[in-house]
Number of protein chains: 2
Amino acid sequence: MQSKPTTIKEIARILNISPSSVSRGLHDHPSIGAVTREKIKQLAKSLNYEPNNAAILFQKGKTYTIGVILPELSEHFFSIAISAIEDEAIKKNYTVIFAQSHDNYEQEVKLVEKMKNQRVDGLLVSISKGTSKFDHFEKLNSFNIPVVFFDRIPPFKNVHYVACSLESATIKAVNYLLKKGHRSIGMINGPSTLYASEERKDGYMQAITFNRLKFDPSLVVNCDLTEEGTIDAANQFLNHKRKPTAIVAFNDYVALFLIKYFKKLNVINDFDIVSYANLPIISYLDNSPVASVEQYPYLQGQKAANILLDLIHSPNSENQAYYNTIVESDLIVNEVKE
Amino acid sequence: MQSKPTTIKEIARILNISPSSVSRGLHDHPSIGAVTREKIKQLAKSLNYEPNNAAILFQKGKTYTIGVILPELSEHFFSIAISAIEDEAIKKNYTVIFAQSHDNYEQEVKLVEKMKNQRVDGLLVSISKGTSKFDHFEKLNSFNIPVVFFDRIPPFKNVHYVACSLESATIKAVNYLLKKGHRSIGMINGPSTLYASEERKDGYMQAITFNRLKFDPSLVVNCDLTEEGTIDAANQFLNHKRKPTAIVAFNDYVALFLIKYFKKLNVINDFDIVSYANLPIISYLDNSPVASVEQYPYLQGQKAANILLDLIHSPNSENQAYYNTIVESDLIVNEVKE
DNA sequence: AAAAACAGCGCAAACGTTTGATTAATTTTG
DNA sequence: CAAAATTAATCAAACGTTTGCGCTGTTTTT
């Protein structure tokens, strides 16, 4: 049933003209007369001609495709971000291909390789937790494939990136708690290897010292972000000599474990919790965090995509400055608990 | 800085052999001698040769790419499903490109067209809410691009699909409630135009009649799935002459609205709620549904992807049977509420 | 010693499209 | 009316890779 798809060549053969004329006719090139042009278009339509993208891409050396590499698509943050990326890409007639590193460095390296072989026109990357070397991205330069990092970015400035300032967000969060009267504030931070942990800690310290309070390092505990780890951290706070009355949780998952544990111990009302937004419905919880740091995944994805498309379209000047875009994150205060 | 990428031709030129030999050498073709082969491979490595995928794809007429069209990537169900799809695809060395229809029929038509022009090797589709015509998929036949529908499938059998049996799931759900002693069970169903609504209703009716109870149509109300719609539906139940003691909610979002409303009215404890799983953390709610219909998005994605890859690899026999795969959904009973 | 087999490689076409250069025919210009 | 300009189309190369076939020279078989 399915015969070979119609090609330009075939149209040319039937019309007894050259393939180049057909191509030009279909593209409204001025050097093709109106009558021929119409004949071409009509026949193309009636033969159900569809341009062979593979051929065009090959010919042009452009794929009109951007690659996205991220850790886990099933994480809400990333699913929103990539949703935004696709929305932007399609506006400019680009296609999105993606792959998940599953927070595995080796996999990430492979995927970068694969994306390069696919000759994507550009790459968006949110790096995996395990990534501390970045030379796998350097090859892309020689292939002239621009890279924009988003959210999970490398710890240096000479790359393009879009990210949230977790530091300033954390300052806002801690300030909010201080303003509410809390004087001992705990923080459940992530693994110390994570840049995001550093930012949170820095923000915490800044807010504390700015308010002329003394920074107590024992109130910032690292955590592996599992439920057990969270419980460990919680216990440290419960047994702390200056038991905190508020806790900044690394993210909503941690907050969730924390709330669950505190409810079990029936001490949930002794704490105000602030978290970083990952889960859309956490505010529906009965004892939801009093405030949440919104990281605007859609906006981040959008900006990253647009920067990448810019880079793709701009003639690659070597002396190009790097886009270092910070999306201000906001502290969203939940309605007063009844 | 970035020179043109190395090509086979160049390697051939440098080594003073033909491009075909280089190609064969790189592919370990037996007709190339060991010494030449090694020379080729060494030079290729030292010149950082990377095969130009665009050229290969074009040459082979295969893209090793599968397309995914779905309504909303930001919906948890779909993000899990596509995550599974990517996991399966990459195992077989396929790449995934995707696009969102945003539940818009026209957009879906465009995307199918685009995917076809991209010459994807196969297509996975979860149709948009607004889709009632399906001829936009027929063109794909003539391009020999197999399609597998998943989750949101067309209402006929002569296509490949993977879906959950919402009907049997609903039977399980209602049976569970009946077993718990409920005798008046309400159902907040979706718009009557949705196939999914039909299935739920059918399941409801079957369970009721199988248990020799009388089916009361007024206990199944249609709803536009918004918060207002949910409240309207809830009110109908609250004012019902046989006020239900349990409610089957169309999905977790509806359940969420319902719980919120019932809590506000302080009648939450008068109801057992059962829902269909969309939101991963709904079980963390204080008054979470007593049970949830799990639709296994990962499994669905996985199966759909594998079927598609099968179809891609199988020589397309015209008389091929259609894959109509049903993923049994299970009723997940939450732990007893404290 | 002639015939057959084989190893190792090159030739050239092919995939479908685009595009700069060229040609031929027509029209405009001085 | 010859020269210049315009119009409409063609030619051919190019993009990078793969692959069937053919060629040469060596080795094995009869």
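Only a predicted model underlies this, so the values are computations on that prediction, with no experimental measurement involved. We use all heavy atoms of the structure for the numbers below, so side chains are in, but hydrogens, waters and symmetry mates are not. Chain identifiers are assigned alphabetically (A, B, ...) following the order of the sequence lines, protein sequences preceding nucleic acid strands; residue numbering begins at 1 within each chain.
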Trainee: Assign each of B:Q59 and B:P30 to its nearest nucleotide of DNA chain C by heavy atoms, then name whichever residue's nucleotide is nearer the 5' end.
Mentor: B:P30

Trainee: Is A:T65 reaching over with its side chain to a backbone N or O of A:T63, donor-acceptor style, under 3.5 angstrom?
Mentor: yes

Trainee: Expressed in angstrom and rounded to an integer, what is the separation of A:K62 atom NZ from C:dT18 atom C1'?
Mentor: 15 Å

Trainee: Please round to 10 degrees the angle between the axis of the first five pairs and the axis of the last five pairs in the helix from C:dA1-D:dT30 to C:dG30-D:dC1.
Mentor: 50°

Trainee: Which residues pass the ring pair (Phe, Tyr, Trp, His ring centres under 6.0 Å) test with A:Y298, sequence neighbours left out?
Mentor: none

Trainee: Between the main-chain N or O of A:S74 and the side-chain N or O of A:S79, is there a donor-acceptor pair closer than 3.5 Å?
Mentor: no

Trainee: With under 30° as parallel and over 60° as perpendicular, where do the rings of B:Y64 and B:Y94 fit, or are they tilted in between?
Mentor: tilted

Trainee: Tell me the interatomic distance from B:N16, atom CG, to C:dG10, atom C1', rounded to whole angstroms.
Mentor: 12 Å

Trainee: At under 4.0 Å, does any side-chain N or O of B:T36 touch on OP1 or OP2 of C:dC9?
Mentor: yes

Trainee: Can you list the residues that meet the side-chain contact (heavy atoms from CB on, under 4.5 Å) rule with A:E106, with sequence neighbours excluded?
Mentor: A:N104

Trainee: Which is true for B:S20 with a 4.0 Å heavy-atom rule: it touches a base, it touches only sugar-phosphate, or it touches nothing?
Mentor: base

Trainee: Using only side-chain N and O atoms of B:S18, determine if any of them is under 4.0 Å from OP1 or OP2 of C:dG10.
Mentor: yes

Trainee: Can you check whether B:P71's main-chain N or O pairs, donor with acceptor, with B:D103's side chain at less than 3.5 Å?
Mentor: no

Trainee: Please tell me if A:S23 has a side-chain N or O lying less than 4.0 Å from either OP1 or OP2 of C:dT18.
Mentor: yes

Trainee: Would you mind telling me which of C:dT19, C:dG10, D:dG16 lies closest to the side-chain atoms of B:F58?
Mentor: D:dG16

